[in-house]
Amino acid sequence: MNLELTRLPGRRIWYSLAVTGLAAAVLAGCSNNGQDNLNNSSQTAVSSPQVSPSPSSAAAEQSPQTAAASGTAVDEQPSTVFYEVFVRSFSDSDGDGIGDLRGLTEKLDYLNDGNPDTTDDLGIGGIWLMPVNPSPSYHGYDVTDYRSINPDYGTLEDMQQLVQEAHKRGIKVIMDLVVNHTSKQHPWFVESAKNKDSKFRDFYVWAEDQNRPVSGTSAAGSGNPWHSLLGSHYMGTFWDGMPDLNFDNPEVRSKMEDIGKFWLTQGVDGFRLDAAKHIYEDLLSDKSAATTAKNVTWWQEFRKAMNEVNPKAYIVGEVWENSAVSVGAYLDHAFDSGFNFGLAETLVNSAKTEKDSGVVFTLERTYKLYSQISGGSFSDAIFLTNHDQNRVMSQLGNNPDHAKMAAAMLLTLPGNPFIYYGEEIGMLGQKPDEGIREPMQWSADGKSTGQTTWEQSSNNAGNPGGDVESQLHGSSSLLDWYRQLIALRSSVPALQSGGIRDFVSGNEGIMAFERITASQQVLVALNLTAKPQTLTLQNGDKGYSYSKIIKALPGEAKLTGETLTLPPYTTVILE
């Protein structure tokens, strides 16, 4: 693929930074107190590049109590808890077995009823809608019309109503925007394939037109990305039903910008950008700093266009990388967030093994890097699993205690936490993909209002108690645990927006870290194990002491002098 950068307008300063400053920022074998923080190969430890720190980063280097006392800004990440919804599986309003937008609207009070004084809603502040555009596939990631709603899901008016009702409850709505490729059935591609003289021919990547060899391996892992049709070969990085768009064509870029603007004018609050690193990275041989630079330049152009409609639109990209440097590239005036896949893997593994991974030590350094790249404006996008991965409860062997601690880690860390629908009730799911996208379980008998039936619930059929109705009023249920954690996060400013600093516990069964804003500092201590554990609170030369337990979930933690005793599987917040 042609990697010549002058085809795209906009910022190009990233290329030299990516090759020099950020590459030099990777530290080999960062460790904390002898603990290997890369033991899961899940996240690359980084240090700040050698540039002047941003004001927010500089403040974070102060002792936190000084920053809090003086009111100086620290490196904060204001956050919202998001909920990922596969509309087809969530709630059915018309009895056809397929979830739809009206069904989701009817269930908004389950997610957030808009009243902070109630405790029977989940308390989320944002929804991520998996694709809702027309598509021949059940999942929707091959779009045939970017400005319409899948008839299975309803109408554009239904979408507008969902957004309005969500906003009444303080819920933001972001939608999947799939611009890397279209459906094979999209009118653009149909015309491109049958008419070599059509302007749409150059909307896609045809090997014969570009004198490219029909060979190579897809960067997305799908084998040979070239597919034969009507005597020619087109690029389809993921699948022959998803032909890649040619972003070297300025008209393609312009159309995608117009599509993004269209949805923002409908009231949508932003986008989750699918396959964001594959705009130009088609083949394994394309993987390079130059290709990353070209991707970033396009997304900077897209961001600038979205700012014309809504400068506050939230844009989070799927850059499936464990390297902080690779993800960080896209935070330079392109995305607000990149999904933290490495952290997700680490959190699930910590819950499974009941051991602290030392990930906070790595996060500190990662966030300093991200802050400098973004000018202090990034927020991490953290999660446990999503629609492309085996569900967290299945990975944890259906162990509710481990599920609770995975949730506790997720919901006490900085950034925007994303919860995959059904995660809060312990839904099970293993690949193939249909198995991790099964119908939301509203009741044990499957007869609850809104229950979808488009797919047999094979993974969840034998999962007693793994439904909303069974957990609705249980004080020890996983659902109640999620509600309490989200409420706690919302009520403690340092948990909602604070920066992070590692706190060496000296106990591999305890994960401990500090969350810090300009006005508040708290200590989070999580006992990941089935046995009581103790933590000494003396903070060494930092001179900050914790004297009060704000909250202990679920049991009674005890603070005696500088010794904190944590019952099994307990989360404690101290001030």
Original post:
Between R303 and H333, is there a donor-acceptor pair closer than 3.5 Å when you use the side chain of the first and the backbone of the second?
Top reply: no
Original post:
For the residue pair M159 and V268, what are the closest heavy atoms and their distance?
Top reply: CE-CG2, 4.0 Å
**OP:** Return yes if some donor-acceptor pair links the side-chain N/O of T297 with the main-chain N/O of A293 below 3.5 Å, else return no.
**Re:** yes
**OP:** Determine, step by step, whether H278 and D244 satisfy the side chain to side chain contact (heavy atoms under 4.5 Å, CB included) criterion, reporting the C-alpha distance in whole Å, the side-chain angles of both residues, the deciding distance to 0.1 Å, and the verdict.
**Re:** CA-CA 9 Å; H278 290 293; D244 286 16; 6.0 Å; no
**OP:** Check T452 against S89 and note the closest heavy-atom contact, atom names and distance.
**Re:** OG1-O, 3.0 Å
Subject >> side chain to side chain contact (heavy atoms under 4.5 Å, CB included) evaluation trace for L347 with L384 >> reply: CA-CA 7 Å; L347 296 183; L384 297 175; 4.0 Å; yes
Original post:
So do V359 and S350 actually touch side chain to side chain, heavy atoms under 4.5 Å?
Top reply: no
Subject >> Ring-ring centroid check F238 H181, cutoff 6.0 Å >> reply: yes
Original post:
Would you find a donor on one side and an acceptor on the other, under 3.5 Å apart, between the side chain of R88 and the backbone of Y138?
Top reply: yes
Original post:
Would you call D158 and I149 a side-chain contact if the rule is heavy atoms closer than 4.5 Å?
Top reply: no
Subject >> Closest contact, heavy atoms only, P225 versus G216 >> reply: CD-O, 3.5 Å
Original post:
Is S505 reaching over with its side chain to a backbone N or O of N507, donor-acceptor style, under 3.5 angstrom?
Top reply: yes
Original post:
Is a side-chain N or O of S137 found less than 3.5 angstrom from the main chain of H139, in a donor-acceptor match?
Top reply: no
Subject >> Single hit among M427, K404, R483 for side chain to side chain contact (heavy atoms under 4.5 Å, CB included) with L478 >> reply: K404
Original post:
Is it true that a side-chain atom of S457 and a backbone atom of N460 form a donor plus acceptor pair closer than 3.5 Å?
Top reply: no
Original post:
Considering residues at least two apart in sequence or located in another chain, which fulfil the side-chain hydrogen bond (donor to acceptor under 3.5 Å, both in side chains) criterion with N112?
Top reply: none
Subject >> Heavy-atom check, side chain of I436 versus side chain of N390, under 4.5 Å >> reply: yes
Subject >> Step-by-step ring pair (Phe, Tyr, Trp, His ring centres under 6.0 Å) determination, W442 to Y110 >> reply: CA-CA 11 Å; W442 293 104; Y110 166 76; 5.1 Å; yes
Original post:
Going from CZ on R489 to OG1 on T412, what distance comes out if it is rounded to the nearest 0.5 angstrom?
Top reply: 7.5 Å
Original post:
With ring centroids as reference points, do F247 and F302 lie under 6.0 angstrom apart?
Top reply: no
Original post:
If you measure from CG on N386 to CD1 on I419, what distance do you get to the nearest 0.5 Å?
Top reply: 13.5 Å
Original post:
Is the closest side-chain heavy-atom distance between W226 and V205 below 4.5 Å?
Top reply: yes
Original post:
Does some side-chain heavy atom of L273 sit less than 4.5 Å from a side-chain heavy atom of I315?
Top reply: yes
Original post:
Which distance, rounded to the nearest 0.5 Å, do you find between the CG of D121 and the CG of L111?
Top reply: 8.5 Å
Subject >> Which residues share a side-chain hydrogen bond (donor to acceptor under 3.5 Å, both in side chains) with R272, sequence neighbours left out >> reply: D176, D274, E318
Original post:
Can you name the salt bridge (charged side-chain N to carboxylate O under 4.0 Å, His left out) partners of D388, sequence neighbours left out?
Top reply: R437
Original post:
Do the ring planes of Y370 and Y367 sit parallel (below 30°), tilted (30 to 60°) or perpendicular (above 60°)?
Top reply: tilted
Subject >> Residue pair S377 / D336, side-chain heavy-atom distance below 4.5 Å >> reply: no
Subject >> H387 and its ring pair (Phe, Tyr, Trp, His ring centres under 6.0 Å) partner, picked from F86, W128, Y421 >> reply: W128
Original post:
Parallel, tilted or perpendicular: which describes the rings of F383 and F341, with under 30° parallel and over 60° perpendicular?
Top reply: perpendicular
**OP:** Could you tell me whether a side-chain N or O of Q441 sits under 3.5 Å from a main-chain N or O of P439, the two making a donor and an acceptor?
**Re:** yes
**OP:** Go through S477 and D480 one step at a time and tell me if the side chain to side chain donor-acceptor pair (under 3.5 Å) criterion holds.
**Re:** CA-CA 5 Å; S477 70; D480 187 63; 5.4 Å; no
Subject >> Heavy-atom closest contact (T571 atom, L526 atom, distance) >> reply: OG1-CD2, 3.7 Å
Subject >> OG1-CG distance between T529 and D401, expressed to the nearest 0.5 angstrom >> reply: 10.5 Å
**OP:** Give me the one residue out of E438, Q430, E434 that meets side-chain hydrogen bond (donor to acceptor under 3.5 Å, both in side chains) with S458.
**Re:** E438
**OP:** Show the numbers, then the answer: is there a side chain to side chain contact (heavy atoms under 4.5 Å, CB included) between M440 and S91?
**Re:** CA-CA 7 Å; M440 176 71 175; S91 181; over 6 Å; no
Original post:
Is any side-chain N of the basic residue among K431 and D433 closer than 4.0 Å to the acidic one's carboxylate O?
Top reply: yes
Original post:
Rounded to the nearest 0.5 Å, how far apart are OG of S183 and CG of N133?
Top reply: 11.5 Å
Subject >> Which atom of M511 lies closest to which atom of D356, heavy atoms considered >> reply: CG-OD1, 3.6 Å
**OP:** Decide whether a cation-pi geometry holds between R365 and F361; the criteria are a distance under 6.0 Å from NZ or CZ to the six-membered ring centre and an angle within 45° of the ring axis.
**Re:** yes
Original post:
What residue among Y83, W481, Y482 forms side-chain hydrogen bond (donor to acceptor under 3.5 Å, both in side chains) with E424?
Top reply: Y83
Original post:
Are the side chain of Q77 and the backbone N or O of D380 linked by a donor-acceptor pair below 3.5 Å?
Top reply: yes
**OP:** Working to the nearest 0.5 Å, report the span between OH of Y204 and OG1 of T182.
**Re:** 3.0 Å
Original post:
Between H227 and Y234, what is the ring plane arrangement, given parallel below 30°, perpendicular above 60°, and tilted in between?
Top reply: tilted
Subject >> Where T385 and V392 come nearest, the two heavy atoms and their spacing >> reply: OG1-N, 3.5 Å
**OP:** List the steps, then state whether side chain to side chain contact (heavy atoms under 4.5 Å, CB included) holds for L108 with L162.
**Re:** CA-CA 9 Å; L108 285 177; L162 168 65; 4.2 Å; yes
Subject >> N295 side chain to W299 backbone, donor-acceptor under 3.5 Å >> reply: no
Subject >> Worked verdict on D142 versus S135 for side chain to side chain donor-acceptor pair (under 3.5 Å) >> reply: CA-CA 6 Å; D142 47 340; S135 168; 2.7 Å; yes
Original post:
Does some side-chain heavy atom of V316 sit less than 4.5 Å from a side-chain heavy atom of F82?
Top reply: no
**OP:** For this output row, return yes or no: ring centroids of W298 and Y330 closer than 6.0 angstrom.
**Re:** no
Original post:
Is the backbone of I425 close enough, under 3.5 Å, to the side chain of Q471 for a donor and an acceptor to pair up by distance?
Top reply: yes
Original post:
According to the interplanar angle, ranging from 0 to 90°, do the rings of H186 and Y146 count as parallel (below 30°), tilted (30 to 60°) or perpendicular (above 60°)?
Top reply: tilted
Original post:
Hey, would you say the F339 and F418 ring centroids sit under 6.0 Å apart?
Top reply: yes
